[in-house]
Amino acid sequence: MKKLFFEIQIDTPPEKVWDVLWSDITYRQWTTAFTEGSFYQGTFDEGSIVKFLDPNNDGMFSRVEKNIPNKEIKFLHLGEIYGGVEKEQNWGDATEAYILQETETGTLLKIEINTPDEFQSFFEEKFPTALGIVKNLSENQL
């Protein structure tokens with residue numbers, strides 16, 4: 001398991017960054033950095049299951065471990081979905097947290113990921129691009 005950290009300063013309030021991260025339309029925009037056509041199904045209520053999917057409905061499913069709106073959300077990744085079939089994985093404490101800290105000029109968005117070694121290079125390659133898109137959407141949306 002690898003612990004990865006990413007962060008970016010965004011010059012807009014946390015509420016706007018949160019909205020960009022989790023509103024359906026903008027989520028689909030910033031997650032193109034990972035897979036074109038990404039979307040999610042479910043709610044972000046604590047304890048609920050969210051499916052993160054590609055256009056073929058393949059992806060992963062996760063449980064919302066923590067949700068403090070405009071401040072922090074944390075997912076525990078439980079397994080993969082292929083051909084509509086959910087298959088639990090033994091990933092242990094594979095988590096992904098989004099932490100928003102208010103700063104003098106806006107928001108410091110921090111990402112903390114605990115990932116199996118096999119996904120490390122994917123996240124290291126894709127997350128900086130994704131965060132750049134979040135920053136652009138957050139600072140330039142009306």
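- Considering only residues two or more places apart in sequence or on other chains, Y27 meets the ring pair (Phe, Tyr, Trp, His ring centres under 6.0 Å) condition with W30, Y40.
- The minimum heavy-atom distance between S38 and T31, with the atom names listed, is CB-OG1, 3.3 Å.
- Hydrophobic clustering keeps F119 apart from I81 (ILVMFWY residues linked when any side-chain heavy atoms are closer than 4.5 Å, directly or through intermediates).
- Two residues are said to be in side-chain contact when any heavy atoms from C-beta on lie closer than 4.5 Å; I73 and W18 meet this criterion.
- Every residue was checked against the side-chain hydrogen bond (donor to acceptor under 3.5 Å, both in side chains) condition with E112, not counting sequence neighbours, and none meets it.
- Taken together through direct or relayed side-chain contacts under 4.5 Å among Ile, Leu, Val, Met, Phe, Trp and Tyr, I133 and L109 form part of one hydrophobic cluster.
- In the hydrophobic clustering of ILVMFWY residues, with side-chain heavy atoms under 4.5 Å counting as a link, F6 and I8 come out together.
- Residues near Y82 contribute nothing to a hydrophobic cluster around it, because no ILVMFWY side-chain heavy atom sits closer than 4.5 Å to its side chain.
- No single ILVMFWY cluster, assembled from side-chain heavy atoms under 4.5 Å apart, contains both I49 and V64.
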Residues 52-63, side-chain donor-acceptor partners within the protein, below 3.5 Å, at least two apart:
{"from": "D54", "atom 1": "OD1", "to": "N56", "atom 2": "N", "distance (Å)": "2.8"}
{"from": "D54", "atom 1": "OD1", "to": "N57", "atom 2": "N", "distance (Å)": "3.2"}
{"from": "D54", "atom 1": "OD1", "to": "D58", "atom 2": "N", "distance (Å)": "3.0"}
{"from": "D58", "atom 1": "OD1", "to": "G83", "atom 2": "N", "distance (Å)": "2.9"}
{"from": "S62", "atom 1": "OG", "to": "H77", "atom 2": "ND1", "distance (Å)": "2.6"}
{"from": "R63", "atom 1": "NE", "to": "E65", "atom 2": "OE2", "distance (Å)": "2.7"}
{"from": "R63", "atom 1": "NH2", "to": "E65", "atom 2": "OE2", "distance (Å)": "3.4"}

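- Residue pairs meeting the salt bridge (Lys or Arg N to Asp or Glu O under 4.0 Å) criterion with at least one partner in residues 28-44, sequence neighbours excluded, are D24-R28.
- Taking NZ of K66 as the reference point, atom CD1 of I99 lies at 7.5 Å (rounded to 0.5 Å).
- Within the model, atoms CD of E118 and NZ of K2 stand 12.5 Å from one another, a figure rounded to the nearest 0.5 Å.
- Rounding to the nearest 0.5 angstrom, the gap separating the CE atom in M1 from the CD1 atom in I113 is 12.0 Å.
- Residues in residues 122-135 take part in these side-chain hydrogen bond (donor to acceptor under 3.5 Å, both in side chains) pairs, two or more places apart or across chains: Q120-E124, K135-E139.
- Remark: T103 pairs with Q9 by the side-chain hydrogen bond (donor to acceptor under 3.5 Å, both in side chains) rule, at least two apart or across chains.
- For N67, there are no side-chain hydrogen bond (donor to acceptor under 3.5 Å, both in side chains) partners two or more places apart in sequence or in a different chain.
- Looking at heavy atoms from C-beta onward, N114 lies in side-chain contact with K3 at the 4.5 angstrom threshold.
- Legend: residues meeting salt bridge (Lys or Arg N to Asp or Glu O under 4.0 Å) with E7, ordered by chain and number and at least two apart, are absent.
- Applying the side-chain hydrogen bond (donor to acceptor under 3.5 Å, both in side chains) rule to D117 yields no partners; only residues at least two apart in sequence or on another chain are considered.
- Using the six-membered ring where Trp is involved, F127 and Y98 have ring planes that are tilted, between 30° and 60° apart.
- Considering CD1 of I111 and CG of L21, their distance stands at 6.5 Å, rounded to 0.5 Å.
- Taking CG from L76 and CD from E96, the interatomic distance works out to 11.0 Å, rounded to the nearest 0.5 Å.
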Show me the donor-acceptor pairs, under 3.5 Å and distance only, between side chains in residues 85-92 and residues at least two apart or in other chains.
{"from": "E86", "atom 1": "OE2", "to": "K51", "atom 2": "NZ", "distance (Å)": "3.2"}
{"from": "Q89", "atom 1": "NE2", "to": "E80", "atom 2": "OE1", "distance (Å)": "3.2"}

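- In this structure, the side-chain contact (heavy atoms from CB on, under 4.5 Å) partners of S138, at least two apart in sequence or on a different chain, are I10, T12, V17, V20, V134.
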